Every structure is written in C-alpha cells, then in structure tokens.
**Student:** 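Before I ask anything, here is the structure I am working with.
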Amino acid sequence: MATRFNALQADSTWQKVWDDRQTFAARDDSGKPHSYVLEMFPYPSGRIHMGHVRNYTMGDVLARFRRMRGYEVLHPMGWDAFGMPAENAAMEKGVHPGTWTLANIETMKAQLKRLGFALDWSRELATCKPDYYGHEQALFLDMFAAGLVYRKESAVNWDPVDMTVLANEQVIDGRGWRSGALVEKRKLSQWFLKITDFADELIEGLGKLDHWPDKVKLMQENWIGKSQGLTFSFEILPGTGRGTGEAGGGGLPQSASPVEAPLHHQPAAGGPPPRSGEERVAVFSTRPDTIFGASFVAVAADHPIAQAIADRPEVAAFIERCKQGGTTAAELETQEKLGFDTGLTAAHPFDATRRLPIYIANFVLMDYGTGAVMGVPAHDQRDLDFARKYDLPVQRVVADGDLRDPVFVGDEAYTGPGALVNSDFLDGLDVEAAKRKVIARAEAGGWGKGSTVYRLRDWGVSRQRYWGTPIPIIHCDACGVQPVPKAQLPVVLPEDVSFAIPGNPLDRHPTWKHVACPACGEPARRETDTLDTFADSSWYFIRFASQPKDKPFDRAVAERWLPVGQYIGGVEHAILHLLYARFWTRALKHIGMLDIAEPFTGLFTQGMVTHETYKSADNRWLSPDDVRDGIEIATGQPITVGRVEKMSKSKKNTVDPEPIVDRYGADATRWFMLSDSPPERDLPWSESGIEGAWRFVQRLWRLFDGDDTVAPGEGGDPTLDRKLHQTILGIEQDIEALAFNKAVAKLYELCTAIERAAPSPSRGNAIYTLMLLIAPMVPHVAEEAWAAKGFDGLIADAAWPEVDPKLLVEDEVTIAVQVNGKLRDTLTLPKDMAREQIEAAALSADKIARLLDGKPPKKVIVVPGRLVNIVA
RNA sequence: GCGGGCGUGGCGAAAUGGUAGACGCAGCAGACUCAAAAUCUGCCGUAGCAAUACAUGUCGGUUCGAGUCCGACCGCCCGCACCA
C-alpha cells in the first residue's frame with residue numbers, strides 16, 4: 001500500500017463510483033424513514049465560492065450521516081438561474097443570458113462534483129428552463145384563480161439603473177439592493193401576490209418553528225409588524241382652519257410658558273373656505289387612549305385629501321417637496337418635519353366644538369394604515385417635533401406619577417405607562433383600560449373600529465426584465481385581463497432578443513407579445529413583465545421532492561418528503577426568501593394543492609467565510625496570491641494587513657475553492673470548513689488552517705494504512721473501547737446539532753487515543769469504527785480505506801456504528817476537591833463511592849488536611865462524580 | 001431611535017451553575033536526518049526558582065461554588081427604521 005494518501009486520485013475514483021452507481025439518488029418508496037436535507041440553491045454567477053463550499057459541506061455531512069443511520073435521504077441541488085447578472089453579462093459581453101447562465105451552471109456543477117457532495121443529481125433543476133418556470137406559471141394561474149393575485153396601479157420603487165421595479169424588501173437605505181442606485185417613486189400597473197392575507201398566519205406559524213434561530217423568527221415578526229389599535233374617522237369641516245399653508249410656519253421658537261395653548265384651533269379670518277372633496281378622514285392609531293391629546297391631523301402627500309387640493313400651486317409644490325426627501329438612515333434622522341396647513345379642520349369625535357387642523361405632512365406614509373394620523377404631541381416624538389415647529393398645542397393626557405397640572409412638556413414625548421388626565425371620561429384609567437374604552441365608544445358610535453394593521457405589504461412581483469418567468473397573462477382591449485390557458489403553457493421566453501438598449505427586451509420584441517385573446521380570439525398583447533426571481537425560489541424545494549412532467553408536483557409524493565427537515569443557508573435570506581417561501585407554501589395549502597403549512601421545520605443560518613485583507617504600500621487592495629511573508633510579491637514592498645472580513649471581490653480577499661481542492665483534495669477542504677469555528681459564526685480562512693486539515697487527512701490514512709488488523713470487534717483495551725463509544729455518541733449528538741467543530745475535536749482526540757494504544761483487537765476495532773465515524777466528513781479517504789481493507793460495498797452505504805451503553809461507563813472518576821470554592825486537590829475514586837466515603841477521602845487528603853490545619857469544616861458539599869467543596 | 005446578539009490565551013475556540021482554556025493554528029525545545037521536508041515527543045494564560053497569586057470586557061449582586069444566573073455600565077456586531 002502507498003504510504004501517502006493520494007487525494008486527487010481517490011477523489012476522482014470515488015466520485016465516479018458514486019455517480020455511476022447513483023449512490024445518492026433518493027427513492028420515493030424505499031420504505032425507510034425519510035429525511036430531507038436542503039441547502040439554499042446557488043445563483044449560477046460563474047464559479048462557486050468558499051461560502052458555497054461551507055454551506056454545502058455542512059448539509060452534506062448531515063445527509064451522509066442520516067443515510068448511514070438508515071434514513072432515505074433527499075439531498076438535491078439545483079440553480080436559481082434567473083436574474084439580473086445574466087442580463088448584465090448580455091449587455092456587457094453580448095452573450096445571450098441563457099447561454100451565459102447554462103455555461104456557468106456547467107462550470108459550477110463540475111466544481112461541486114469535485115467536492116464529493118452526496119447530492120441526488122437526477123433531480124437537478126434550473127429555474128430558467130421552461131420545464132421549471134412553465135409549472136411556476138401554472139401555479140401563478142392557480143393563485144390568480146383563487147384571488148391571490150391582483151393588478152394595481154401603484155407607486156413603485158423604480159431602480160433607474162436596472163430599469164426595473166423593486167419590492168420594498170429589495171430597497172436598502174433607499175437604494176436598489178443590486179444596483180445601489182437611488183430608488184425613485186413611479187406609478188405603474190403592477191402584479192401583486194396577496195401575502196398580507198397571510199400576515200397573521202405567518203406570524204403565528206413562527207411560534208411553532210422550534211428549530212429555527214430565534215433571531216430569524218424575530219426578524220420576520222418585526223418585518224410583518226403587527227400593530228393593534230383603532231381605525232376611526234374625523235368629520236372634515238371646511239373653511240374654519242388657519243389655512244396658512246407652510247409659509248412662515250417653520251422654526252418658530254417655542255414658548256417658554258409652562259402653560260400650553262388651548263386645544264381649540266383658532267379659525268383664521270378671510271379667504272374662501274377650502275374644500276377637500278372628502279367628508280371624513282380616517283386615521284389609524286395604536287394609542288386611541290390619547291385621543292383627548294390630539295391637536296392636529298396629518299395626511300400623507302399622496303393621500304386623496306392632499307391630491308384633491310393639489311390643483312393649488314402651493315399645494316402641488318409642497319407635495320413635490322415631500323417626495324424629494326431621501327430615505328437613508330442618516331437623512332431620516334436629520335430630516336425636518338414639514339407640514340402644510342390645508343385650512344381644513346377635523347371635528348374631534350368626543351367634542352364637536354374642538355377643531356383639529358388638517359396638515360399634509362412629509363412624515364406620514366401613504367401605504368401604512370390609512371395614510372393619515374392623529375397628532376398627539378405630548379405622547380409621540382414625531383408629533384411633538386411637528387407641533388413645536390408649527391406652534392400647535394401640546395397637552396399631556398398620560399401622567400406618570402404627578403397628576404397635577406399644568407405640567408410642561410419639554411422636548412421629549414412621554415410614551416410610557418400611566419394614568420389618563422385631561423381626558424374627560426377617561427381620567428384616572430390606565431393606558432390599556434383607556435384604549436379599550438375608547439375603542440368600545442368608537443364602535444358603539446359607529447365612527448371607528450378596533451383593528452389590526454400590518455407593516456407587511458403585498459408582494460409586488462412584476463419586473464420589467466427579460467431574464468425571468470413570463471407572467472402568463474394576456475391583455476385584451478375587449479376582454480381585459482385574461483389568464484393564459486393552461487394548455488398553452490409554458491409561455492416561453494423568445495430567444496432572439498437584443499440588449500443593446502436599456503429597458504425590457506420583451507416589450508420591444510417585434511412579435512412575441514402579439515397573441516390572440518384566449519376569450520374572443522381578437523388580437524391582444526402578452527404581459528411583458530416577468531416574475532420576481534424570488535418567486536422561483538419560493539417552491540423549488542417542492543419540485544425537488546416531486547417532478548412530474550405534466551404538473552408542478554405530485555401532491556402525495558411531495559407530502560412524503562416535505563417539509564424540509566433541515567434547511568441551511570445564509571442569514572441574508574432571513575426575511576426575503578424565507579418569508580416568500582413560507583407564504584407560497586401556505587398559499588398552495590390555501591388553494592388545496594398541498595397540505596403543508598411550513599416548508600422548513602429546521603433552519604440553520606451559517607456564518608460567512610472571512611479572510612484577512614491586504615493593502616499595498618500605495619494603498620491598493622491586494623489578493624492573498626499577491627502577498628508572501630508580509631511583502632507584495634510584484635513590488636517587494638511591505639504590505640499592511642487589515643481586518644478579517646467577508647470574502648469579497650472589491651477587497652480582493654477571496655480564495656477560489658478550485659485551486660484549493662486541486663492542491664489539498666476534497667477531504668481536506670471539507671475538513672477545514674468544519675473545523676474550529678462554530679458553524680453559525682464566521683470562519684476565518686487561513687493557509688495554515690487548510691494545511692492542518694491536509695495533515696489530518698494524511699494522519700487518518702496512516703492509521704488506516706498501518707499493520708493492524710482492522711476489523712470489527714473489541715477486547716484487550718477497555719480504556720480505548722470506552723473512549724471509542726463515548727466518541728460515537730458524542731459525534732452523533734454533535735452532527736445532529738450541527739456542532740461540527742465539536743465533532744472535529746472529538747475525532748482528533750480519538751485519533752490520538754488510538755495512536756497511543758498498544759495493538760489489540762480493541763485498537764483494530766477502533767480504527768475500523770473511525771473509518772465509519774469520519775465517513776460523512778471526509779468521505780473519499782474513508783472509501784479508499786474501506787476498499788483497501790477489503791470491506792464489502794461502499795462505506796457511504798455502510799451502517800453507522802452502534803453505541804454500547806455498557807462501554808460508556810467509567811469505573812473511576814476524578815473528583816475535584818475545593819476549599820471555599822477554590823480548587824485545592826483532585827482525587828481519583830471509584831465511580832459509585834458513597835457520599836460519606838467521598839467526604840472522608842477528601843478531608844483526609846494531605847493537601848486538604850494541611851489547609852484545614854486540624855479545624856473542623858463548617859460545611860461540606862459533595863457532588864457525587866464531580867467534586868467536594870469544603871467550607872472552612 | 002427600536003429590536004437582537006456577542007465580549008474567554010498570540011489566533012480560531014471548548015466548558016448540563018461544579019477541576020476555565022478540551023481540540024486546532026501559530027510558537028518554543030528535543031528526537032530522527034549529512035541536511036531539509038515529513039513524522040514523532042514534550043512545553044505552551046500572566047507573574048514567580050518555587051510554594052503560590054492573579055486571570056473569562058468593567059463594577060456590583062445571588063450561591064457552598066459564577067465564563068455560565070441577575071442588575072448597571074463599557075465596547076463591538078447584526079437586523080429594522082418617520083410603520084402612527
């Protein structure tokens with residue numbers, strides 16, 4: 001036998017064997033218990049990166065482990081293949097997006113295969129192929145028929161660089177998530193999915209996801225943003241307001257008087273009474289208890305009330321000004337509250353003589369609640385800022401302790417608990433009781449209703465792009481919106497498109513969009529928008545489980561596999577992808593296609609792979625390849641070592657997995673990915689780390705390749721037997737908990753123990769078992785050794801070793817002896833020794849006796865099997 | 001601003017309230033070798049010859065006993081953000 005493990009040769013040998021034998025193809029009907037292990041499928045950007053390697057290695061260890069434990073494991077792989085980069089490549093390099101994407105898939109598939117992942121490639125899918133997206137179109141039509149899809153003219157986030165609409169989730173700090181361009185507001189007719197119908201379910205479902213990180217659940221809960229309160233309306237009264245507009249209203253110094261102005265709005269003289277065209281204005285408030293503290297009503301710039309008077313030039317100008325404000329964090333913090341007094345007033349529902357001025361305000365959002373708010377300055381910071389600026393009354397109605405008035409409200413609104421004051425029939429109630437009372441009165445009076453409002457908006461899925469799933473809709477002048485008949489699916493993307501000019505190539509294609517109306521047969525137009533690519537990834541895990549030709553999935557087969565027991569991916573998908581997939585699955589349940597509520601029962605979000613950053617003497621980012629021993633190779637100049645950061649092209653601190661696999665082999669690469677850092681934390685890549693992993697693989701090989709008789713059995717070395725069985729148990733627990741770093745440490749320990757053990761049947765058995773234990777992590781060296789020692793079949797198909805509970809038991813234990821909580825000695829004692837005997841042994845130990853110096857201890861605490869603490 | 005998380009050797013990290021630093025990386029010393037690589041052995045928190053003392057961001061608390069639980073603070077990271 002060779003003395004050195006030839007990783008490259010073994011890698012290709014065993015990868016071919018697994019491929020040829022379809023070792024990892026999942027059978028729908030094997031009779032074994034099913035286990036679905038899934039990692040988030042990659043976007044085919046060109047090459048795999050270390051993040052992929054780490055992600056897929058983790059899933060692979062679990063999948064291989066579960067197989068060995070007797071599960072029928074579904075562990076598939078595919079490609080999230082639609083998206084902007086392909087169109088960018090088309091624009092930059094003149095290749096067709098499909099050509100570019102398929103070539104990338106081919107490259108990346110070969111790269112993944114070189115890592116020896118136990119994937120069922122027979123179920124491979126790419127979302128850009130008609131045999132995937134055609135079924136997605138069918139699902140879209142089913143949702144359409146069920147009323148979960150609608151079209152609406154709405155202000156959308158328009159990315160001027162990518163020339164497309166973005167979902168709210170895709171706008172980060174006011175910029176497009178991909179292009180980084182400042183997002184503009186545009187009015188367009190858009191397709192929406194009714195995710196808000198499921199808002200409550202989606203929150204509630206989180207409660208049952210015990211195997212999800214709390215952090216992700218919390219992020220989703222906050223994103224959905226459920227608020228309870230009162231939606232109610234004010235009667236609008238024209239002509240009684242100040243009607244001063246915005247001019248001169250800004251920046252008035254605040255009155256130093258501790259006595260606040262009365263809440264009655266003083267009508268201004270002169271001018272014709274303004275009209276709104278509306279009779280009532282509805283607002284939503286989570287603090288109906290503070291209704292007696294209201295001193296104004298504010299509506300959003302695009303609220304109907306504002307729009308109705310937008311023919312006045314000063315109103316139009318103000319609305320325009322509102323839209324200009326940036327939405328970045330910094331801008332929002334410094335942005336001034338702006339208001340425009342419409343001159344209209346609202347009648348206070350509990351006191352018709354009280355008139356609240358109606359302002360148009362830049363801080364009110366049209367698409368949350370009703371697009372209008374009541375302003376209660378004393379108990380809301382924004383309202384207070386606004387009131388100070390426009391010199392509106394500030395009246396406190398919730399008192400924290402001191403009930404005496406007047407109390408001067410400073411620059412900080414009070415939002416805590418307390419007793420109601422200055423509030424008529426609410427006086428003396430606490431906040432919660434007052435809320436209930438106001439809601440009850442509003443409902444009784446018919447002018448309001450207790451309501452729940454969500455931050456979550458419906459999912460806008462229209463994209464004005466080519467490289468996506470065509471929305472299967474036809475627009476007919478006579479018949480209106482018509483779904484494409486299912487028999488005509490898939491609606492296939494045309495191949496002959498040009499990317500020479502920005503915009504949507506589908507829209508300007510000469511023939512593609514011209515079709516006959518399915519209802520009347522007259523000339524009509526295809527929808528030229530495509531679906532957000534997050535739709536593609538919202539059901540791919542179902543298609544993996546079942547992929548019939550004639551429909552999206554077979555319900556019975558899909559339900560046999562789903563839900564995914566363990567889903568692994570990056571935390572960056574905590575909201576977008578995971579929320580959409582949860583919604584999509586619930587929508588399918590809602591329309592009776594699949595009886596699964598939650599697609600992923602277990603979720604794990606892994607950390608990033610990071611690397612040191614390097615800068616040259618003249619401040620250029622340097623790649624690790626350009627650096628050796630603190631010197632830039634090209635110039636001989638010393639370099640600066642920067643922070644350890646996420647691998648990124650811009651900082652040039654990436655390490656391409658392929659040369660690493662070429663040099664060290666798949667097993668060493670996998671082992672490094674699993675070692676040291678806990679999987680949820682970042683993993684710093686290092687050259688010495690991968691070398692250490694390589695050395696370990698060689699060390700394993702030396703053990704397997706030694707002269708020992710490697711065979712199942714035991715005997716001759718009870719200490720080693722015990723260590724072995726403790727390790728088996730520990731590895732099982734660690735892998736199930738995805739605590740790979742701990743499993744790795746235990747395997748190192750076991751190796752050391754075996755190396756130091758004298759030859760015996762126990763030792764031969766330990767080496768045999770070690771092969772099985774490391775097989776999920778470093779499968780190639782395990783197969784090679786398994787074959788070299790002449791064992792039957794593949795180790796990938798072998799059974800996981802059984803733990804013998806009898807062999808776990810230690811007969812002696814080390815007891816720590818503390819005096820006043822400080823460790824003073826340790827004793828090795830028989831395991832089952834009685835308390836009194838342990839205590840006696842501890843007290844008579846030399847060191848302890850010396851410390852006690854003949855004095856009797858005040859107290860002795862004995863924890864059997866652990867320690868003795870003597871309180872002196 | 002709101003919500004959440006994390007602070008342990010030179011580095012990555014372990015540690016059901018019970019012997020802090022397992023395991024790995026780096027380092028040091030030695031063996032083998034003409035030499036190097038590989039491999040093997042030992043050392044490796046700080047101070048100290050040692051006994052010992054001090055050590056898990058800081059300060060307090062609970063406890064026989066705290067890295068772990070509680071409170072306050074400091075620092076870093078992440079998510080959301082004018083959501084009424």
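FYI, side chains are in, hydrogens and waters are out, and symmetry mates aren't considered; it's all heavy atoms of this structure. Just so it is clear: chains get the letters A, B, ... in the order the sequence lines come, proteins before strands, and each one is counted from 1. Quantities reported herein were computed from a predicted structural model and do not represent experimental measurements.
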**Student:** Mind listing the side-chain donor-acceptor pairs of residues 823-831 of chain A below 3.5 Å, one per line with the distance, residues two or more places apart or on another chain?
**Tutor:**
none

**Student:** Check the pair Arg582(A), Gln220(A) against side chain to side chain donor-acceptor pair (under 3.5 Å), reporting the backbone distance first and the verdict last.
**Tutor:** CA-CA 11 Å; Arg582(A) 292 183 63 222; Gln220(A) 291 213 352; 2.7 Å; yes
**Student:** Taking Val609(A)'s backbone N and O only, do any of them form a donor-acceptor pair with Asp682(A)'s side chain (distance below 3.5 Å, no angle check)?
**Tutor:** no
**Student:** What's the base orientation of rG57(B): syn (chi within 90° of 0) or anti?
**Tutor:** anti
**Student:** Given rA84(B), is OP1 or OP2 found less than 4.0 Å from the side-chain N or O atoms of Arg287(A)?
**Tutor:**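 So the side-chain polar atoms of Arg287(A) never come under 4.0 Å of the phosphate oxygens OP1 or OP2 of rA84(B).
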**Student:** Need the pair for rU56(B). Rule: Watson-Crick or G-U wobble, both distances under 3.5 Å, any strand; none if unpaired.
**Tutor:** none
**Student:** For Asn222(A) and for Tyr368(A), locate the closest nucleotide of RNA chain B by heavy-atom distance; then report the residue assigned to the nucleotide nearer the 5' terminus.
**Tutor:**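 Its nearest nucleotide being more 5', the pick is Asn222(A).
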**Student:** Nearest to the side chain of Pro678(A), which nucleotide is it out of rC82(B), rC83(B), rA14(B)?
**Tutor:**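 The closest nucleotide is rA14(B).
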**Student:** Return the nearest nucleotide to the side chain of Val364(A); candidates are rG3(B), rA84(B), rA26(B).
**Tutor:** rA84(B)
**Student:** Please tell me which of the listed nucleotides, rC54(B), rA84(B), rU19(B), lies nearest to the side chain of Lys822(A)?
**Tutor:** rC54(B)
**Student:** Give the rounded distance in Å between these two atoms: CD of Glu749(A) and C1' of rA15(B).
**Tutor:** 13 Å
**Student:** Kindly confirm or rule out a cation-pi arrangement of Arg4(A) over Trp701(A), judged by NZ or CZ under 6.0 Å from the six-membered ring centre and within 45° of its axis?
**Tutor:**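 Ring-cation test returns no.
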**Student:** Searching all strands shown, indicate the nucleotide that pairs with rA50(B) (Watson-Crick or G-U wobble; both distances under 3.5 Å).
**Tutor:** none
**Student:** Please give the distance between the P atoms of rG48(B) and rG42(B) as a whole number of Å.
**Tutor:** 26 Å
**Student:** With the criterion being N/O to N/O and under 3.5 Å, what pairs connect the protein with nucleotides 63-66 of chain B, and how long is each?
**Tutor:**
| from | atom 1 | to | atom 2 | distance (Å) |
| --- | --- | --- | --- | --- |
| rC64(B) | O2' | Asn869(A) | ND2 | 3.2 |
| rC64(B) | O2 | Asn869(A) | ND2 | 2.6 |

**Student:** Which listed nucleotide (rG4(B), rA13(B), rC83(B)) is nearest to the side chain of Asn741(A)?
**Tutor:** rA13(B)
**Student:** Would you please indicate if the ring centroids of Phe296(A) and Tyr390(A) are separated by under 6.0 Å?
**Tutor:**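 Centroid distance Phe296(A)-Tyr390(A): not below 6.0 Å, so no.
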**Student:** Which nucleotide in the list rU39(B), rU41(B), rA84(B) gets nearest to the side chain of Arg695(A)?
**Tutor:**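 Looking only at side-chain atoms, Arg695(A) lies closest to rU39(B).
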**Student:** Give a yes/no on whether any side-chain N or O of Arg681(A) is located under 4.0 angstrom from OP1 or OP2 of rC78(B).
**Tutor:**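 For Arg681(A), the contact criterion (side-chain N or O under 4.0 Å from OP1 or OP2 of rC78(B)) is not met.
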**Student:** Distance check: side-chain N/O of Lys217(A) vs OP1/OP2 of rG3(B), anything under 4.0 Å?
**Tutor:** no
**Student:** Given rC2(B), is OP1 or OP2 found less than 4.0 Å from the side-chain N or O atoms of Arg455(A)?
**Tutor:** no
**Student:** Using only side-chain N and O atoms of Tyr748(A), determine if any of them is under 4.0 Å from OP1 or OP2 of rG24(B).
**Tutor:** no
**Student:** Roughly, in whole Å, what's the span from CG in Asp734(A) to C1' in rG24(B)?
**Tutor:** 15 Å
**Student:** Taking only the C1' atom of each, what is the distance from rG45(B) to rG21(B) in whole angstrom?
**Tutor:**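 Here rG45(B) and rG21(B) have their C1' atoms 8 Å from each other.
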**Student:** With a cut-off of less than 4.0 Å, is there a side-chain N or O of Arg866(A) near OP1 or OP2 of rU16(B)?
**Tutor:**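 So the side-chain polar atoms of Arg866(A) never come under 4.0 Å of the phosphate oxygens OP1 or OP2 of rU16(B).
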**Student:** Among rC80(B), rG42(B), rU19(B), which nucleotide has an atom closest to any side-chain atom of Thr814(A)?
**Tutor:**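 Out of rC80(B), rG42(B), rU19(B), the nucleotide with an atom closest to Thr814(A)'s side chain is rU19(B).
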**Student:** State the pairing partner of rA15(B); accept Watson-Crick or G-U wobble contacts with both distances under 3.5 Å, and report none otherwise.
**Tutor:**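 Partner of rA15(B): none.
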**Student:** Among Phe696(A), Trp694(A), Phe740(A), which residue satisfies the ring pair (Phe, Tyr, Trp, His ring centres under 6.0 Å) criterion with Trp671(A)?
**Tutor:**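 Among the candidates, only Phe696(A) passes.
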**Student:** Below the 4.0 Å mark, does rA38(B) have OP1 or OP2 next to a side-chain nitrogen or oxygen of Arg702(A)?
**Tutor:** no
**Student:** Using 30° and 60° as the class boundaries, would you call the ring planes of His379(A) and Tyr414(A) parallel, tilted or perpendicular?
**Tutor:**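 Correct class here is perpendicular.
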**Student:** Choosing from rC82(B), rA53(B), rC23(B), which nucleotide comes nearest the side chain of Arg824(A)?
**Tutor:** rA53(B)
**Student:** Between rA14(B) and rA84(B), how far apart are the two P atoms, rounded to whole Å?
**Tutor:**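 To the nearest whole Å, 39 Å.
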**Student:** Select one nucleotide: of rA13(B), rU19(B), rA22(B), the one nearest the side-chain heavy atoms of Leu823(A).
**Tutor:**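 Nearest nucleotide to the side chain: rU19(B).
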**Student:** Look only at the side chain of Thr613(A) and the backbone of Arg643(A), and say whether a donor-acceptor pair between them is shorter than 3.5 Å.
**Tutor:** yes
**Student:** With no angle test and no hydrogens, is the base of rC23(B) tied to the side chain of Lys742(A) by a donor-acceptor pair under 3.5 Å?
**Tutor:** no
**Student:** Checking base pairs now: Watson-Crick or wobble, both atom distances under 3.5 Å. What partners rC69(B)?
**Tutor:**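 By the stated definition (distances under 3.5 Å), rG61(B) pairs with rC69(B).
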**Student:** If you check every side-chain atom of Val373(A), which of rC23(B), rA84(B), rG4(B) has the closest atom?
**Tutor:** rA84(B)
**Student:** Is a salt bridge present between Glu221(A) and Lys226(A), judged by a nitrogen-to-oxygen distance below 4.0 Å?
**Tutor:** no
**Student:** What does rC80(B) pair with, Watson-Crick or G-U, if both distances are under 3.5 Å?
**Tutor:**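 Matched rC80(B) with rG1(B) under the 3.5 Å cut-off.
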**Student:** Given that both distances must come in under 3.5 Å, which nucleotide forms a Watson-Crick or G-U wobble pair with rU33(B)?
**Tutor:** none
**Student:** Hey, is the main chain of Arg457(A) close enough, under 3.5 Å, to the side chain of Thr196(A) for a donor-acceptor pair?
**Tutor:** no
**Student:** Side chain of Lys215(A) only, please: which of rG12(B), rC83(B), rC78(B) is the nearest?
**Tutor:** rC78(B)
**Student:** Measuring to OP1 and OP2 of rA84(B), would you say a side-chain N or O of Ser227(A) lies under 4.0 angstrom away?
**Tutor:**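 Yes, such a contact exists.
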